[in-house]
Amino acid sequence: PVERLRQGARCYLEFTRTHPQYYALMFELCDDDLEEAIGPKPEAAVRAFGFIRAAVAEAIASGRFRNDVPEPIASHVIWAHIHGAAALG
């Protein structure tokens, strides 16, 4: 699961570099602006975070990640890190 997260982060960052307009549409508009413009958050955005949550849950269950931080918190920290790197990139 840890290597899957690394590879997923690489893919995510590559996507933001090659498709900045789609990245902005999926992740940079606030939810209210996005819903007004196109409706609910794109499925790709929902799936991207689901990928992280599943990998983090597996890493915790397998002992690769500490289990004293709940999965939702760990997932949000990782998401913020990857998303921040992409936004600043």
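We're numbering straight along the sequence, starting at 1.
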Criterion side chain to side chain contact (heavy atoms under 4.5 Å, CB included) on Val2 and Phe65, from CA distance to verdict: CA-CA 9 Å; Val2 175; Phe65 283 4; 3.6 Å; yes
Stepwise side chain to side chain contact (heavy atoms under 4.5 Å, CB included) check, Phe51 with Arg47: CA-CA 6 Å; Phe51 169 85; Arg47 285 193 342 255; over 6 Å; no
ring-ring contact (aromatic ring centres under 6.0 Å, His included) between Phe15 and His19, worked out: CA-CA 6 Å; Phe15 175 82; His19 304 297; 5.2 Å; yes
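Nearest approach of Pro1 to Ala55, heavy atoms of both residues: CB-O, 3.4 Å. Smallest separation of non-hydrogen atoms from Ile82 and Leu13: O-CD2, 4.0 Å. When every heavy atom of Ile52 is checked against every heavy atom of Ser75, the shortest pair comes out as CG2-O, 3.8 Å. Contact record, Val56 with Glu71: CG1-CG, 4.0 Å, taken as the closest heavy-atom pair. Ala87 approaches Tyr23 most closely through the heavy-atom pair N-OH, 3.5 Å.
Take Arg17 and apply the side chain to side chain donor-acceptor pair (under 3.5 Å) test, not counting sequence neighbours, and it matches Glu14.
Under 4.0 Å is where a charged nitrogen must lie from a carboxylate oxygen, and between Glu58 and Arg64 no such pair does.
In this structure, the side chain of His81 does not engage the main chain of Val77 through any donor-acceptor pair within 3.5 Å.
In this structure, the separation between CD1 on Ile73 and CG on Asp68 is 10.5 Å, given to the nearest 0.5 Å.
Between His83 and Trp79, the ring planes lie parallel to each other; the angle is under 30°, not in the 30° to 60° tilted range.
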